[in-house]
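Here is the structure we will look at.
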Amino acid sequence: MTLRLGYGTNGLTDLRLDDALGLLADLGYDGVGLTLDHMHLDPMAPDLAARTRQVARRLTGLGLGATVETGARYVLDPRRKHGPSLLDPDPDARAARAALLVRAVDVAADLGAHAVHCFSGITPPDTTTETAWQRLTDALAPVLEASDRAGIPLAVEPEPGHLLATLADFHHLRTLLGDPGPLGLTLDIGHCQCLEPASPVDCVKEAAPWLRHVQIEDMRRGIHEHLPFGDGEIDFPPVLEALASSGYTGLTVVELPRHSHAGPELARTSIDFLRRATGTTDGAAPC
């Protein structure tokens, strides 16, 4: 089984999208984690369908696969980071986030992407845990319906500090929703190092049946800071071996959203690191 490596456009925000895709193809990446944002395929601007078709042609021409990611910081509200969320007290605000995710599913279908990524959001003040979970399940219902129609999995990411923060929380959501077919998991390897009780290798093994998207970077225990490879504590060769043996066929996307100032160089050093970690230094896909 081979790993398909990608790089997230949220770490290349100083580049035009066309230039970022060309860079990744030239470096030998298999795909891209495409964050829908104002600088890269803005989901709120006019002519989205036409612009999406143009990006789809570019991806096809370069031989790149894609995952659609929805973690843009200010795409809906220019004053609130990641706002509004699926947990917002205002039902109209929750609906706006859900509508954005439905739009992302449509974009993913037009791009031929293998999944749409999302996360729950932070529990608002004065909100009980029970209420927060109820809001999340209600808000995800139309998104999962769209995913089912499009045949595009919705890959929910456990995010430190969010309502859905751990693998155990993901399984709680599955139970609340009745384990719907379109619902899958985004596993962030750094987050496993940061806060999961199990090791990153064991997290991969546990999560394998539900994996629909993988993000990867280095990290330290207890500190939610995405780091370039080698700057944290993760032993990557066994993690990559576990991923390659898991049956997962989607992209494994480098996630360095705070390093766009050095994006092109980090894209190069990241794929070099991953090739060395898997014993493939000749440009072949790691396995």
Between CG of L187 and CG of L243, what distance do you get to the nearest 0.5 Å?
7.5 Å
Taking only residues two or more places apart in sequence, or in another chain, which ones meet D169 in a side-chain hydrogen bond (donor to acceptor under 3.5 Å, both in side chains)?
T166
Just by distance, do the side chain of H226 and the backbone of V254 share a donor-acceptor pair under 3.5 Å?
no
What I'd like to find out is whether the side chain of L12 reaches to under 4.5 Å of the side chain of L24, using heavy atoms alone.
yes
For L48, the option from L41, L36, D106 that meets side chain to side chain contact (heavy atoms under 4.5 Å, CB included)
L41
Under 3.5 Å: donor-acceptor pair, side chain of R212, backbone of G184
no
By side-chain contact (heavy atoms from CB on, under 4.5 Å), which residues pair with R53, not counting sequence neighbours?
A49, A50, R57
Applying the side chain to side chain contact (heavy atoms under 4.5 Å, CB included) criterion to V204, which one of L240, V214, I189 satisfies it?
I189
Would you say the side-chain atoms of D30 pair up with the backbone N or O of G6, donor to acceptor, closer than 3.5 Å?
no
Does D126 have more than 12 heavy atoms from other residues, nucleotides or ligands lying within 6.0 Å of its CG?
no
Checking side-chain polar atoms at under 3.5 Å, does H191 have a donor or acceptor matched by the opposite partner on H224?
yes
Can a donor-acceptor pair be found between the side chains of H114 and T67 at a distance below 3.5 Å?
yes
Residues that N10 engages under side-chain hydrogen bond (donor to acceptor under 3.5 Å, both in side chains), provided they are two or more places apart:
E255
Heavy-atom count around R16 CZ within 6.0 Å, excluding the residue itself: above 12?
no
Looking only at heavy atoms, which two atoms of P237 and D235 are closest? And how far apart?
CD-OD1, 3.3 Å
Could you pull out the closest heavy-atom pair between V116 and A108, with the gap in Å?
CG2-CB, 3.5 Å
Taking atom CZ of R58 and atom CG of L64, what is their separation to the nearest 0.5 Å?
8.5 Å
For the pair L100 and M44, evaluate side-chain contact (heavy atoms from CB on, under 4.5 Å) and give the outcome as yes or no after the intermediate values.
CA-CA 8 Å; L100 176 64; M44 310 306 293; 4.1 Å; yes
Evaluate the criterion side-chain contact (heavy atoms from CB on, under 4.5 Å) for residue pair T127 and L87; output intermediate values, then yes/no.
CA-CA 9 Å; T127 301; L87 308 180; over 6 Å; no
Rounded distance (nearest 0.5 Å) linking atom CG of L274 with atom OG1 of T278
7.0 Å
Any heavy-atom pair between the side chains of P124 and D88 that's under 4.5 Å?
no
CG on D188 to NE2 on H117, rounded to 0.5 Å:
8.0 Å
Sorted by chain and residue number, the ring-ring contact (aromatic ring centres under 6.0 Å, His included) partners of H162 (sequence neighbours excluded) come out as F119
For residues Q193 and R221, determine if any side-chain heavy atom of one lies less than 4.5 Å from a side-chain heavy atom of the other.
yes
For the pair T137 (side chain) and W133 (backbone), establish whether a donor and an acceptor sit closer than 3.5 Å, ignoring hydrogens and angles.
yes
Quick check for you: to the nearest 0.5 Å, what is the distance between D202 atom CG and E196 atom CD?
11.0 Å
List in chain and number order the residues that pass side-chain hydrogen bond (donor to acceptor under 3.5 Å, both in side chains) with R268, two or more places apart in sequence or in another chain; answer none if no residue qualifies.
E265, D272
Would you check if L23 and D26 make a side-chain contact, meaning some heavy-atom pair closer than 4.5 Å?
no
Can you list everything that forms a side-chain hydrogen bond (donor to acceptor under 3.5 Å, both in side chains) with H38? Sequence neighbours excluded, please.
none
Residue Q54 excluded, over 12 heavy atoms near CD under 6.0 Å:
no
